Trainee: 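Mind having a look at this structure? Questions to follow.
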Amino acid sequence: MSEHTIQMVDLVGQYEELKAEIQSGFDQVLSSASFINGPAVKHFQTALEAYLGVKHVIPCANGTDALQIAMMGLGLKPGDEVITADFTFASTVEVIALLGLTPVLVDVKHDDFTIDVDAIERAITPKTKAIVPVHLFGQCAEMNAIMALADKHHLFVIEDNAQAIGARYHDPSGKRPMAGTIGHVGATSFFPSKNLGCYGDGGALFTNDDELAHVLRGIVNHGMYERYHHDVVGVNSRLDSLQAVVLNAKLPRLNAYSAKRQEAARKYTDALSAISGLETPVTVSDCQGICSTCTCHVFHQYTLKIEGDRRDQLAAHLSEKGIPYGIYYPIPLHKQKAYRDTRYREEDFSVTNALCASVISLPMHTELTDAQISRITDEIKACLKA
Ligand SMILES: *Cc1c(COP(=O)(O)O)cnc(C)c1O
C-alpha cells in the first residue's frame, strides 16, 4: 500500500508503534496457552476500571453481546418496551428484538445526532422498562436529562458506548464522568475500527452496581456462578487473551489517540466551516471541544451534513479522486425490513430521515497527516464551491 493512500481507518500504520509490545504479549499467551480468562484479560479489566473510574468492567465477546447481556442482566422480559434511537447501527434494535422485547425507535437531534429527549418522553408508556441512548460518533447523548427522565419513570438506562470510549460527559452541574459509566450499565465494543479496537471481536460492560456486576459475570459464562451450577440462562461471551494483549497495549495510548482525532477534526473544521450549505460537526459541551485537557468529543466519526443532492455529488467526487468516505447511516432503522412496524409514523422521524440523506463521514483515525487532511479538504472545496 502506498504511503500516500488515504484510508478511512489506518490500523496498519498504528500497528507499527505497537508491534514489539503486542508480539511479545502474543508470545506469552501462546507459550502459556492461557487463551481464555488468562492474566491478560484480568489485567485489562482492572486497567479499564481504573481508566474509566468505574467499579466493574465485565469483558465479553463483542459490543452487540454486551448490549444483549445488559438487557438480560436487568431482567427485561418479553413485552417490555425499550426506547432507542432510530439513527444508529442496528445492534441495539437487533438485541431488543432477539430477546422478544419491543423496540421503540425515536428520532434524534439534528445538531449532535444523539437521541431526542423530548421524543423519549413522548414514547414512554406503562410498558417501558429501559432507554438505550447511543453516544453516536464519539459524543455523549444528553445523559443528565435522560437520567432524570429515567428516575421519574423508574426506567433503566443502558448506554451504548461503542463509539465514545474515552469521552467525558460534560454534566451541566460541572461533573465530568466518563461516557458509559453514567447509566445503570454501559456497553462497548472493541471491534478493530472503534476508538479502542482489538484485532478481532471484543466488548465489555461497565457498571457501578455490585449486584448487577455479579449477575452479568455469570451471564457471560453460561449462567454459572459456581462451576457446573447454572443458576440463570446465560450465554458464552468472552474476551480472549490475545485480544486482551492488543487492548493492554492500546489502552495507555487511548487519550493520545483521542487527542489525535480531535486535532484532525479541528483541522477539518478550520478548512471547511466557511463553505455554504455544509455543516461541520457540532461539539455540544461548554468547552466546544477546544480545551486541551478534556475529551468531550472523541470523534469516532467526523461527519458532515450537506444539503440537497450535493451529498451524493460529493461522494461521487471523492470516489473519483480515490478518497474514502462513509455514509453512516444510509437508512433509518424504522425503515429496515427487519424492524419496520405499523406503529411508526413517518412524521415522527423527520430528523433521522433528513440525516440519512445528508450525512457523509470523512477519513478519521490516529495516523492522518496534515498533507492528507489538506488533500481531502481541497477536494471537498473543489467539488462544493464549483
Ligand atoms: C460497533 C457498534 C456496536 C456493536 O459492536 P460489535 O462489537 O460490532 O458487536 C453497537 N453499537 C454501536 C453504536 C456501534 O457502533
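As the structure lists them, so they are numbered: ligands from 1, and atoms in each ligand from 1. Quick note: numbers below take in every heavy atom, side chains included, and nothing from hydrogens, waters or symmetry partners. Only a predicted model underlies this, so the values are computations on that prediction, with no experimental measurement involved.
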Trainee: Residues in side-chain hydrogen bond (donor to acceptor under 3.5 Å, both in side chains) with Asn255, at least two apart?
Mentor: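 Asn255 satisfies side-chain hydrogen bond (donor to acceptor under 3.5 Å, both in side chains) with Tyr51 only.
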Trainee: If every non-hydrogen atom of Val351 is compared with every non-hydrogen atom of Asp107, which pair is closest and at what distance?
Mentor: N-OD2, 2.9 Å
Trainee: Are Tyr344 and Phe349 close enough that their ring centres sit under 6.0 Å apart?
Mentor: yes
Trainee: When Ser91 is tested against each of Thr64, Asp65, Val132, Val134 for side-chain contact (heavy atoms from CB on, under 4.5 Å), which residue passes?
Mentor: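 The side-chain contact (heavy atoms from CB on, under 4.5 Å) with Ser91 is passed solely by Thr64 among Thr64, Asp65, Val132, Val134.
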Trainee: Can you check whether Phe44 and Phe190 have ring centres sitting under 6.0 Å from each other?
Mentor: yes
Trainee: Could you check ligand 1 for N or O atoms lying under 3.5 Å from protein N or O atoms and list the pairs with distances?
Mentor:
residue	atom	partner	partner atom	Å
ligand 1	5 (O)	Ser189	OG	3.3
ligand 1	7 (O)	Gly63	N	2.7
ligand 1	7 (O)	Ser189	OG	2.7
ligand 1	9 (O)	Gly63	N	3.4
ligand 1	9 (O)	Thr64	N	2.8
ligand 1	9 (O)	Thr64	OG1	2.5
ligand 1	11 (N)	Asp160	OD1	3.3
ligand 1	11 (N)	Asp160	OD2	2.8
ligand 1	15 (O)	Gln163	NE2	2.8
ligand 1	15 (O)	Lys194	NZ	2.6

Trainee: Strictly under 6.0 Å, is that where the ring centroids of Tyr225 and His214 end up?
Mentor: yes
